[in-house]
Structure formats: C-alpha cells, structure tokens
Amino acid sequence: MGSRVELVARLVVALQRPGVDGVLATPDVLEDLLLLGALEGKVVIGSMNRGGLQGSAFELDDRFTAYRSAEEIAARRLDGGKMLTRIDLADAGTVATLESSAAAVTGLAEHKLMAMVEPFWSTRGEDGRVTNLLDPDSVIRSIQIASGLGATSAYTWLKLPVVDELERVMEATTLPTLLLGGDPIAAPEATYASWGRALELPSVRGLVVGRALLFPPDGDVAAAVDHAAALVHGNNT
C-alpha cells in the first residue's frame, strides 16, 4: 500500500466489478479516482476525521482533518461522510471526538446525506498503545453510544466489525449496518464464510472492505471482489 499508483489501480479494478456499489476514502484518494472517471454511478462516502494518528499521544482526540464538515461533503456532492468514533472513558480526548461526530451526524442529516459512524470501545495500555476491544459486550457499548449521537438518527448508518456473537451484538441497534472487512488475518475462505453468515442478519446491509479485497493472497483483485459482491447481492451481480 506504499505505492499510490498501485493502490489506485487496484481501486479502479474493484470499482469496475459488477456489484460494487461505491467507495469510502479520504479526499486525496477520491480525487484521484474522480480524475480517472472511476466514480461515475457510484456511492461516494468521504472519510472525515483523520487527525488521531495511530500511536500518538492525541490519538483519541480524533479531529476532523479531512472533510471538516457536512457542508464540505454536500458542496462536493458526495453521498455521505464517515466518522471514526473511538470511546475511552479514561481519555479526555474522547469527549471532543464525540462532540464532533454528533455535529457531523446532525449536519449530514440536515443535507439528507448518510452519516456513517464507526464506533469502537477503546483502551490505552501501559505501553501507550490504543487497542479497540472487540468482545461482544464492548461492541454493544460502542453501538449504544454511537446510535445516540446527533439530533436525529434518520440518516445514520453504523460501520461495525465482525465479532463473536454477532447476532446478539446486532440486537443492540435498529440502524442499518455495514460490516468492515478488517485486516486479512484468516484464510480467504474462512473470511468469506464469516461475512456470509453475518450478512444473513436483518440489519446488516453490506460490506465495507479494504485490504482484504484490494490485496488478496493470490493477487486477483477482481476475483476477490466478485466473491464478496456475490455474498452481498447474491448471484445477481
């Protein structure tokens, strides 16, 4: 992923596959794809807060340093904005992130645009590293907080990890949900199987997958994307 040319080329291949509905990315990546004509007819979601750099002392004070507001998302005629919302009760930076995320949810709803909230219950270890807790109860706590952000949830979607006891986890919300693919640590067949089971749940509407599909073990981006799209849409892709 260190090569921007390679990354964008793989994204273009993915976006050309039937069944791929759109893309979520930062402004720089979206502009590259726009110039290449790869966004025509696609759902385009802008990533908003990128200021909480991994490993930094201010990681959980995750400021909106990409698309800064709903107005910027609307002005560029995107379909919505995504905000990473990590919650650590021991870190004072959390409250600023919650406040900014809530303002973005409200602002996007005023423009009738999707507000995609990606919540995590997080903790900072003795070594200073932030860890997202992926046990079912922690994910449920994060869902409950994320669901209440903003003046309305009418345009709110959740972006959640695939975790154990997902059926119980998904009972914590009535909001439409997209599942994130996560880092490709399991064999592709096991990953696809877990996605397929998760997609059977009523409120799960699709997948948002990055590295697992763009950099599959065999290098065949098109085949990996087609497999995931078939899970989401059936064989009608």
Side-chain angles (χ1 to χ4, degrees), residues 1-4 6-7 24-30 45-69 72 81-105 115-150 156-166 168-169 172-173 177-187 190-191 194 198 207-215 217:
M1 292 182 66
S3 168
R4 172 53 64 92
E6 180 69 16
L7 174 62
L24 161 66
T26 52
D28 56 322
V29 175
L30 292 182
I45 306 297
S47 184
M48 300 182 75
N49 56 327
R50 306 301 302 174
L53 302 179
Q54 186 175 19
S56 66
F58 52 85
E59 184 170 351
L60 291 168
D61 185 2
D62 202 352
R63 303 191 183 189
F64 283 50
T65 55
Y67 295 106
R68 295 174 298 173
S69 67
E72 287 190 355
K82 191 273 287 188
M83 57 234 62
L84 177 62
T85 307
R86 291 171 291 181
I87 303 153
D88 181 355
L89 299 185
D91 193 305
T94 293
V95 68
T97 302
L98 289 172
E99 183 179 36
S100 297
S101 294
V105 169
M116 186 186 297
V117 184
E118 181 179 8
F120 287 101
W121 196 265
S122 304
T123 184
R124 191 184 294 273
E126 293 182 0
D127 60 358
R129 294 176 61 88
V130 173
T131 300
N132 297 326
L133 303 181
L134 299 179
D135 61 281
D137 289 335
S138 294
V139 177
I140 288 170
R141 291 190 196 101
S142 73
I143 289 171
Q144 291 169 338
I145 292 171
S147 299
L149 294 175
T156 301
W157 288 54
L158 298 178
K159 180 172 180 266
L160 299 175
V162 178
V163 297
D164 293 337
E165 300 181 51
L166 189 61
R168 178 168 74 90
V169 169
T173 183
T177 299
L178 301 172
L179 299 176
L180 61 92
D183 292 323
I185 55 176
T191 300
S194 69
L207 301 169
V208 181
V209 186
R211 289 180 291 273
L213 296 183
L214 294 177
F215 295 89

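Computation of the quantities below employed the complete heavy-atom set of this structure, encompassing side-chain atoms and omitting hydrogens, waters and symmetry-equivalent molecules.
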What do the steps show when you test L179 against V208 for side-chain contact (heavy atoms from CB on, under 4.5 Å), and what is the final call? CA-CA 6 Å; L179 299 176; V208 181; over 6 Å; no
When you look at V163 and D135, which way does the side-chain contact (heavy atoms from CB on, under 4.5 Å) test go after all the steps? CA-CA 7 Å; V163 297; D135 61 281; over 6 Å; no
Check this for me: E99, atom CD, are more than 12 non-hydrogen atoms of other residues, nucleotides or ligands nearer than 6.0 Å? no
Scan side-chain atoms only and decide if S122 and D88 contain a donor-acceptor pair under the 3.5 Å cut-off. no
So do the side chains of L160 and L180 get within less than 4.5 Å of each other, counting heavy atoms only? no
Short side-chain donor-acceptor distance under 3.5 Å, D91 and T94: no
Where is the tightest heavy-atom contact between S47 and P27, given as atom of each residue plus distance? O-CD, 4.3 Å
Working to the nearest 0.5 angstrom, can you tell me the gap between M48 CE and L84 CG? 12.5 Å
One should read off an interatomic distance between I143 CD1 and T173 OG1, to the nearest 0.5 angstrom, of 6.5 Å
For T85 and S101, test the side chains for any donor-to-acceptor distance below 3.5 angstrom and give the result as yes or no. yes
Side chains of R4 and V29, heavy atoms from C-beta outward: is any pair under 4.5 Å? yes
N49 side-chain N/O to R63 backbone N/O, donor-acceptor pair under 3.5 Å: no
Are M116 and M83 close enough that some pair of their side-chain heavy atoms sits under 4.5 Å apart? no
With side chains defined as the heavy atoms from C-beta onward, is the minimum distance between V130 and L60 less than 4.5 Å? yes
Closest heavy-atom pair, S147 versus L158, reported as atoms and distance to 0.1 Å, is OG-CD1, 4.2 Å
Between R168 and I140, is a side-chain contact (heavy atoms from CB on, under 4.5 Å) present by the stated rule, with each step listed? CA-CA 9 Å; R168 178 168 74 90; I140 288 170; 3.6 Å; yes
Could you go through R124 and T131, starting from their C-alpha distance and side-chain angles, then the distance that decides it, and tell me whether this counts as side-chain contact (heavy atoms from CB on, under 4.5 Å)? CA-CA 6 Å; R124 191 184 294 273; T131 300; over 6 Å; no
Are any of the side-chain nitrogens in E59 or R86 under 4.0 Å away from the carboxylate oxygens of its partner? yes
Looking at CD of E72 and OH of Y67, how far apart are the two atoms once the value is rounded to the nearest 0.5 Å? 9.0 Å
Any Lys/Arg nitrogen of R50 or D62 sitting under 4.0 Å from an Asp/Glu carboxylate oxygen of the other? no
Would you find more than 12 non-hydrogen atoms of other residues, nucleotides or ligands less than 6.0 Å from R68 atom CZ? no
Where do F120 and S142 come nearest, in terms of heavy atoms and distance? C-CB, 3.8 Å
Which pair of non-hydrogen atoms, one from S100 and one from F64, has the smallest distance, and what is that distance? CB-CE1, 3.4 Å
Between CG of L178 and CH2 of W157, what distance do you get to the nearest 0.5 Å? 5.5 Å
V139 and P161 have their tightest heavy-atom pair at CG2-CG, 4.5 Å
Do the side chain of T65 and the main chain of G51 share a donor and acceptor less than 3.5 angstrom apart? yes
Student check: side-chain heavy atoms of D137 and W121 closer than 4.5 Å: no
Heavy-atom closest contact (P119 atom, K159 atom, distance): CD-O, 3.6 Å
